[in-house]
Amino acid sequence: MALSIRGKVVAGRFSSGPGQAASSIAAGNLTTAAGSGLPLPRSELMSAGKSVVRCMRRVTAGTAPSGHAAGDAAQLIGDAARIGALASILDPAAGLASLAAVGSGVNADADSPGDVVERLRRNFGQLGYLQGVLDENLSQLDGQLAGLDGLPDGAAAAVMPEFPGDPAALSDDQLRSARSAWAVRADVDFDALIRAQEEMNDLDDRRRNLDHQVDAMSDLLARLDEAGTTLVPSHFGDTLCYGLGWHLAGDSTRMCTALRESRAQARASARPATIATQTFSGPTASTPPAPASPAPSPARRKSTPFAEWAAANKFEGGGLAILQALAGLQRWCGFYDALTGTLQRRIVQLRAQADTASAARRLLSAELQRRALEASEKAAPTG
């Protein structure tokens, strides 16, 4: 049950057609190429998203693969193949891409439910990342990225003015009107270009901060002991609850809303996103992580044993819950990387439009200047 893919994969990068630059963004052993604007219809994106969620639940449910009914096993194989096909678009070398051959009969041993679940478990963070990429693509198709994707706003941005074939054939009023229209268009595009670049910088800051949080959470998972005596810094407890909340959150619409609200809060407080802090309310937190302020010095940092902290914060599941929280952070990594791809293409488009509008404005202004000079020469007294 593989995805139907249109396009071609070249040297590990997806190309949907001539002239489209393939950008690569490394993230947790999963490199995205064209992570935004995937060449799939909405129904297949939705189906892939449901497959990711079902597979993550199978990994975390604690049920032995042998305990699944035949129908469950068939669904697992189908879900894994669908995920593998999608991962192959993003990076054929990724761990999840190896699942693309599941169910094909090429390797019967690798098709066992136990082996499939184990491969999913080893790549659990990639599943979260893939979910975030799908979230952004669905949001883009559903028109939910307005205000986040760099598109200019307002009626002036809706229609590109028509450039006259021969400016010299226009009347003075027509020439001034055309010059004014192209001047407005240039301003609109340059303003949108500035906003898109600011949004890109904001995403870069957030993405950098997420990488640090993912590293810290991975270290905690590696150090966690069975007795739960591993210390959890107080400031990092919020991140654990936050990541788990986004692992459990279902709707991609919430991600767009959370990012939009977070940016609005940062602007309203007149503080750049690089120093914004967040207040988290536990596993149901609904705002994306903003880059945190510098952590306090080790001498001032307060830490609590994990078991004690987890009991106080109703953070159940031990290491498995940390793994889920890690996938929640990776979900935002995938969403940010895909949205970065959207902004990269938008910036190229806006730069081209702004340059075109500026060139048209200059040509029309030059014709106005030529006529003014010609009129002054005719009016000048002769010898």
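Owing to the predicted nature of the structure, the values given are computational and were not obtained by experimental measurement.
- By the 4.0 Å N-to-carboxylate-O rule, D142 lies close enough to R42 to be salt-bridged with it.
- Under the 4.0 Å criterion applied to side-chain N and carboxylate O atoms, E367 and R370 are assigned as salt-bridge partners.
- Ion pairing between a basic and an acidic side chain is recognised when a charged N comes within 4.0 Å of a carboxylate O; R254 and D251 show no such pairing.
- Shortest non-hydrogen contact noted between P164 and L170 is CG-CD1, 3.6 Å.
- Look at R208 and D205 and you find a salt bridge, because one of the NZ, NE, NH1 or NH2 atoms lies within 4.0 Å of a carboxylate O, short of that distance.
- Nearest heavy atoms, W332 versus A258: CZ2-CB, 4.3 Å.
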Worksheet item: Taking it one step at a time, do L127 and R121 satisfy side-chain contact (heavy atoms from CB on, under 4.5 Å)?
Response: CA-CA 9 Å; L127 284 172; R121 185 192 64 79; over 6 Å; no
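- Using a 4.0 Å cut-off between charged nitrogen and carboxylate oxygen, D191 and R195 do not count as a salt-bridge pair.
- Shown here for A181 and P161, the closest heavy-atom pair between the two residues is O-CG, 3.9 Å.
- With sequence neighbours excluded, no residue forms a salt bridge (Lys or Arg N to Asp or Glu O under 4.0 Å) with E199.
- For T356 (side chain) and A352 (main-chain N/O), a donor-acceptor pair under 3.5 Å exists by modelled atom type.
- Between D219 and R223 there is no salt bridge, since no side-chain nitrogen of the basic residue lies less than 4.0 Å from a carboxylate oxygen of the acidic one.
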